[in-house]
Amino acid sequence: MKNVADLAGVGIKTVSRVVNNEPGVSEETRQRVLRASEQLQYHLDITAGSLKRSGRKTQSIGLLLPSVSNPFSGEIHRALEDALAERGIAVFASSLDDDPEREKKLISAFLGRRVDGLVLTPIARSQAYVIPEHSRNLPMVFIDREPVGIEADAVVTDNEVGAAKAAAHLIRHGHTRLAYLGDRTDIQTATKRRTGFLEEIGRAGIATSTIPVRNGLHDEETALRAALELLTSENPPTAIFSSQNLVTFGAMRALKSLGLHHSVALIGFDDFTLADMMEPGITVIAQHPERIGKTAAERILARIDGDDGAPKTYIVPSELIPRGSGEILPLS
């Protein structure tokens, strides 16, 4: 900043006013400072500046997602980023990998950067450890999964309702031998989806004890093995419900490899690119990650701007999209 001031022939305070877009500087002087800044390739260090000016923001948000490589997480990230960019706020995104210790370390790293707020997908049994920061008015919004041990805004899908829609749809098409392929039981959304699916089956008068349930499937490979085991069993299911997109990919591969993709019904939770281009098209319970991201952005901005209302959970409805795989009728 001193070098810019020397080159522009002004004081350091004038440079500070220009780069922070503050009033009190003539247009001629402003342009001179900007030309000097460009010539010297000077960029304002926002974080350093915020440490010196009480009440200023770092113009950044910490975003914690299960995995930035997952399409669902990627869409949330993009929607949040687009909304916050309009306010000049940068998003620092990291992958949780559904590891409780990694969650705590990454949140600590975000706090070390003095972010203006946190948007978090939690996996630890409790998020009470962030209460000290939250009590100091650090805005927080939880997405996809509701927080435990702390009261804060949350934006989630109607997971139980969505899974119940899948079960009801399959039952309406004549299926009674259904199977459930689920994620890890310590993941809140997986538990809710299993509950919604099984409860709807019970309401239809089908004994839930007869439903094969395979939990702990966290990627395509484990889902593939589980689906193959079920489909080659003595009493295979005529329909499968998979609880998230990576599990759906594994189920699709199993059905295709056994030549059963036209005879065993499949509904997946989470939509994905080209689902309608499969043969048959994949029927899904679609979440709306773009709405989740947009709503989360609205809430974190409201909290940053001083909204001190009671925390609230915002539910984004899921949607059943029939494309063919979920409408296959049982052969027997």
Side-chain angles (χ1 to χ4, degrees), residues 66-67 69-72 98 159 162-171 173-187 189-198 200-201 206-287 320-332:
S67 173
S69 66
N70 186 297
F72 175 74
D98 285 325
N159 290 286
K165 290 178 191 173
H169 189 74
L170 293 170
I171 292 167
H173 283 80
H175 295 279
T176 57
R177 298 207 315 271
L178 304 99
Y180 172 83
L181 300 181
D183 209 326
R184 284 169 25 190
T185 56
D186 61 334
I187 296 177
T189 50
T191 300
K192 288 180 177 292
R193 290 169 194 173
R194 184 182 70 235
T195 297
F197 184 71
L198 293 176
E200 183 62 28
I201 288 173
I206 301 170
T208 57
S209 60
T210 66
I211 305 301
V213 172
R214 299 294 183 269
N215 293 311
L217 312 177
H218 202 50
D219 55 33
E220 185 176 332
E221 197 60 38
T222 54
L224 169 64
R225 292 196 296 268
L228 288 172
E229 177 258 317
L230 287 172
L231 293 167
T232 56
S233 65
E234 192 172 309
N235 188 31
T238 62
I240 293 174
F241 173 59
S242 52
S243 70
Q244 53 113 313
N245 53 14
L246 298 181
V247 176
T248 301
F249 298 157
M252 289 167 59
R253 285 178 57 194
L255 291 168
K256 180 74 172 178
S257 68
L258 295 172
L260 297 174
H261 51 300
H262 286 288
S263 54
V264 175
L266 171 67
I267 296 181
F269 205 109
D270 286 338
D271 202 1
F272 58 92
T273 302
L274 300 182
D276 59 330
M277 299 297 289
M278 300 295 106
E279 183 53 45
I282 305 301
T283 297
V284 298
I285 301 297
Q287 301 191 79
L320 172 67
I321 303 178
R323 295 191 177 116
S325 71
E327 292 67 56
I328 295 172
L329 302 177
L331 298 177
S332 60

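The first residue of the sequence shown is numbered 1, and numbering continues consecutively from there.
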Ignoring hydrogens, what is the shortest heavy-atom contact between [X] and [Y]? Give both atom names and the distance.
X	Y	value
Arg193	Ala163	O-CB, 3.1 Å
Arg184	Ala190	O-CB, 3.4 Å
Gly324	Thr283	N-OG1, 3.3 Å
Leu178	Ile211	O-CG2, 3.4 Å
Leu181	Ala251	CD1-CB, 4.0 Å
Leu217	Ala223	CD1-CA, 4.1 Å

Of all residues at least two apart in sequence or in a different chain, which pass the side chain to side chain contact (heavy atoms under 4.5 Å, CB included) check with [X]?
X	value
His262	Glu279, Pro280
Thr232	Leu258
Thr185	Arg194, Asn215

Got [X] and [Y] here, is their nearest side-chain heavy-atom distance under 4.5 Å?
X	Y	answer
Thr189	Asp183	no
Phe269	Asn159	yes
Ile240	Leu230	no
Thr238	Leu331	no
Ser257	Leu228	yes

Spacing of [atom1] belonging to [X] relative to [atom2] belonging to [Y], to within rounding of 0.5 Å:
X	Y	atom1	atom2	answer
Ile285	His169	CD1	NE2	8.0 Å
Phe272	Gln244	CZ	CD	12.0 Å
Leu266	Leu170	CG	CG	8.5 Å
Ile282	Met252	CD1	CE	4.0 Å
Glu200	Ile206	CD	CD1	9.5 Å

Partners of [X] by side-chain hydrogen bond (donor to acceptor under 3.5 Å, both in side chains), sequence neighbours excluded?
X	result
Thr248	Ser242
Ser325	none
Asp98	Arg145, His218
His261	none

I need the full list of salt bridge (charged side-chain N to carboxylate O under 4.0 Å, His left out) pairs touching [range], with sequence neighbours left out, sorted by first then second residue.
range	value
residues 234-252	none
residues 257-278	Asp271-Arg323
residues 215-233	Arg214-Glu229, Glu220-Arg253, Glu221-Arg253

Once ring-ring contact (aromatic ring centres under 6.0 Å, His included) is applied, do any residues pair with Phe72, and if so which ones, sequence neighbours excluded?
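Phe72 satisfies ring-ring contact (aromatic ring centres under 6.0 Å, His included) with no other residue.
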Taking ring-ring contact (aromatic ring centres under 6.0 Å, His included) as the definition, give me every residue that meets it alongside Phe197, ordered by chain and number, with sequence neighbours left out.
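Only Tyr180, Phe241 meet the ring-ring contact (aromatic ring centres under 6.0 Å, His included) criterion with Phe197.
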His175 side chain to Ile328 backbone, donor-acceptor under 3.5 Å:
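Pair found, side chain donor or acceptor close to backbone of Ile328.
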